[in-house]
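Presented below is the structure to which this report refers.
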Amino acid sequence: MSVIGFIGLGNMGGHMARNLLKNGKKLIVYDVNKTVTEQFRAEGCEVAQHPADIAAASKEIITVLPSSPHVKQVYTNDNGLLKTIQPGTLCMDSSTIDQIVSLEVAQLAQKKKAEYIDAPISGGVTGAQNATLTFMVGAGNDRTFERAKAILDLMGKNIVNLGAVGNGQAAKICNNMLLGIQMIAVSEAMNLGINMGLDAKALAGIINTSSGRCWSSDTYNPVPGVIEGIPSGKGYAGGFGTSLMAKDLSLAQNASTNTQAPTPLGSLAHQIYRILARDPHYQAKDFGVVYQFLKKSNF
Ligand code: NAD
């Protein structure tokens, strides 16, 4: 049986890799965090010393890394994937990164007769765990999409073919800009309503049956106690960190500058999450913690 290469075993990648294992796939894995790779060794995976070892051993490779510099590094460093990549290899990158970086890496892979597709994800850590992720795929052609889908199907529920390489990142960046803006807006409205004397659950109930409803209000409400089992009810632990949101909003601002599409609310949301991502009180927390940030600024 062929071996799948997997690089980046964090909050998302760790669950995604385990879903491949559950489906009987053999994996060779790499992560800079040795504690994590030792856990995967104990679960029967081969552990690579460098990304180059992965490319030498596998013709289907998945990367789930924090951001653009990490992806560039894993592909182009001295011991990177491109050093040993085999012709016919399919590289699937599920990191959220700059569209320009996706296009650059795709070109470098093409020079080695390999393919690179962008396949960023949504659905959060729960979606990664339950194999219900949405993959936004820029595969370039239908044959490559179908080859990727056969693997992505084991980790997700909606595998969407968006056409050209880079289109996956475009869709993901737009979605997350909207998400960041909405989370701040819900936090602002909830805080205002509570300060006007409303009960938090009652206010959320009205919003969720009225025109203000959105995912941040009805599924991921940032006010503790409104919805159980989500980060706001657990001290904002786990979930989607403020620094990842700041990063995604910065990608939206780069895209906005490149395309000259105005994004004034995206820009303001970016500044707010940049402050959170640098503040020791908020930087390691889920992005719903912006509610606490706004609440504190009342004092
Ligand atoms: P994470 O920080 O938990 O995991 C990243 C992993 O990559 C870590 O294990 C880290 O050790 C490893 N890593 C970092 N640099 C590396 C390198 N040079 N070589 C090998 N491994 C390296 O991040 P995450 O939450 O899993 O997110 C991964 C990507 O998925 C990000 O681009 C993020 O924006 C996106 N995403 C995250 C969520 C979420 O809810 N967490 C949801 C959708 C998309």
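Predicted model, so just to flag it, every value in this text is computed and none were measured. In each ligand, atom 1 is the first atom listed, and ligand 1 is the first ligand listed.
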Inter-residue atom distance Q292.CD - Y282.OH, 0.5 Å rounding: 7.0 Å

Spatial distance of atom OG (S217) from atom CD1 (I227) [nearest 0.5 Å]: 7.5 Å

Hey, are the side chains of [X] and [Y] touching, using non-hydrogen atoms and a 4.5 Å cut-off?
{"X": "F135", "Y": "P120", "result": "no"}
{"X": "D31", "Y": "F6", "result": "no"}
{"X": "V137", "Y": "N161", "result": "no"}
{"X": "D93", "Y": "V71", "result": "yes"}

N/O to N/O below 3.5 Å, does that happen between [X] and ligand 1?
{"X": "G8", "value": "no"}
{"X": "K172", "value": "no"}
{"X": "V74", "value": "no"}
{"X": "S95", "value": "no"}
{"X": "T96", "value": "yes"}

Nearest protein heavy atom with distance in Å, relative to [atom]:
{"atom": "atom 29 (C) of ligand 1", "result": "L65 O, 3.4 Å"}
{"atom": "atom 23 (O) of ligand 1", "result": "L244 CD1, 4.4 Å"}
{"atom": "atom 11 (O) of ligand 1", "result": "D31 OD1, 2.6 Å"}
{"atom": "atom 4 (O) of ligand 1", "result": "G10 CA, 3.2 Å"}
{"atom": "atom 15 (N) of ligand 1", "result": "H70 CD2, 3.5 Å"}
{"atom": "atom 34 (O) of ligand 1", "result": "K247 NZ, 2.9 Å"}
{"atom": "atom 18 (N) of ligand 1", "result": "Q73 OE1, 3.3 Å"}

Atom indices of ligand 1 within 4.0 angstrom of Y30 heavy atoms, with elements: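 What qualifies from ligand 1 is 19 (N), 20 (C).
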
Ligand-residue contact atoms, ligand 1 with G124, heavy atoms, under 4.0 Å: 40 (O)

Sub-6.0 Å ring centroid separation between Y116 and Y75: yes

Contact partition for M12 relative to ligand 1, non-hydrogen atoms under 4.0 Å: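 Answer for M12: both.
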
NZ/NE/NH1/NH2 to OD/OE distance under 4.0 Å, K72 and E104: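 Counted as a salt bridge, because a side-chain N and a carboxylate O are separated by less than 4.0 Å.
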
Presence of salt bridge, E146 and K149, under 4.0 angstrom: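 Salt bridge: no.
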
Plane angle bin for F240 and F287 - parallel if under 30°, tilted between 30 and 60°, otherwise perpendicular: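 It falls in the perpendicular class, over 60°.
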
Heavy-atom gap P66 to ligand 1 smaller than 4.0 Å: yes

Closest to atom 3 (O) of ligand 1 (judged by heavy-atom distance), picking from N11, I121, V32, N33: N11

Within 45° cone and under 6.0 Å: R278 NZ/CZ vs Y273 ring: no

